[in-house]
Amino acid sequence: MKTFHPSQPEPTRLDIVLATFLAVSRSQAQKRIAQGDIRINGTPASSAHVLVSSSDTIEVTEAPLPSAEPLPLPPLTILYEDANIVTGK
């Protein structure tokens, strides 16, 4: 979990603050808020339009990484091969 305080000098919408902090788009920040990954002062964020200020503590739950399954390799036809090079099609 990441915790931070907004650095904007005046109250700013939560999705804008998150987009800046997480280096994501505002729509991605809004999805994280809707998924319940964001808390403001210990309370789940209710909306992307909530105004936050530098006195607020924002907690971001780490998003789980998608499972990475290896992609199947396409069939390879070897056209030429020697000790130093392989040419495929």
Side-chain angles (χ1 to χ4, degrees):
M1 180 176 301
K2 295 179 183 179
T3 303
F4 72 100
H5 296 277
S7 59
Q8 285 79 356
E10 54 189 53
T12 307
R13 283 178 33 167
L14 178 60
D15 58 343
I16 296 171
V17 171
L18 283 175
T20 302
F21 180 75
L22 299 174
V24 298
S25 68
R26 281 182 39 205
S27 62
Q28 289 172 322
Q30 291 167 357
K31 287 178 186 176
R32 296 287 304 272
I33 294 165
Q35 292 170 349
D37 295 339
I38 312 300
R39 293 178 164 268
I40 304 169
N41 301 322
T43 304
S46 58
S47 168
H49 298 79
V50 172
L51 296 179
V52 293
S53 64
S54 59
S55 63
D56 292 316
T57 301
I58 299 175
E59 299 171 3
V60 181
T61 303
E62 296 294 328
L65 296 175
S67 62
E69 295 183 20
L71 297 175
L73 295 175
L76 179 66
T77 303
I78 297 176
L79 301 175
Y80 173 80
E81 179 177 4
D82 68 15
N84 297 316
I85 191 168
V86 174
T87 302
K89 175 180 175 186

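Throughout, residue positions are numbered sequentially from 1 according to the sequence presented.
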How long is the straight-line distance from [atom2] of [Y] back to [atom1] of [X], given to the nearest 0.5 Å?
X   : Y   : atom1 : atom2 : result
Q30 : Q28 : CD    : CD    : 10.5 Å
S47 : L14 : OG    : CG    : 8.0 Å
H49 : R13 : NE2   : CZ    : 4.0 Å
I38 : T43 : CD1   : OG1   : 13.5 Å
D37 : M1  : CG    : CE    : 9.5 Å

Could you report the tightest heavy-atom contact between A29 and V24, atom names first, then the distance?
N-CG2, 4.1 Å

Between the side chain of R32 and the main-chain N/O of V60, is any donor-acceptor distance below 3.5 Å?
no

Is the side chain of T57 donor-acceptor paired with the backbone N or O of S55 at a distance under 3.5 Å, no angle test?
no

For residues I58 and R39, determine if any side-chain heavy atom of one lies less than 4.5 Å from a side-chain heavy atom of the other.
no

For a side-chain contact (heavy atoms from CB on, under 4.5 Å) check, start with the C-alpha distance between E62 and K2, then their side-chain angles and the critical distance, and finish with the verdict.
CA-CA 7 Å; E62 296 294 328; K2 295 179 183 179; 3.1 Å; yes

Would you say I16 ends up clustered with F4 if hydrophobic residues are merged whenever their side chains have heavy atoms under 4.5 Å apart, either directly or through other cluster members?
no

Is I40 linked to L22 within one hydrophobic cluster, defined over Ile, Leu, Val, Met, Phe, Trp and Tyr using a side-chain heavy-atom separation of less than 4.5 Å?
yes

side-chain contact (heavy atoms from CB on, under 4.5 Å) with V17: which of S7, S53, P6, P11?
P6

H5/D56 under side-chain contact (heavy atoms from CB on, under 4.5 Å): CA gap, chis, key distance, verdict:
CA-CA 6 Å; H5 296 277; D56 292 316; 5.8 Å; no

Would one find more than 12 heavy atoms of other residues, nucleotides or ligands at under 6.0 Å from atom CD of E10?
no

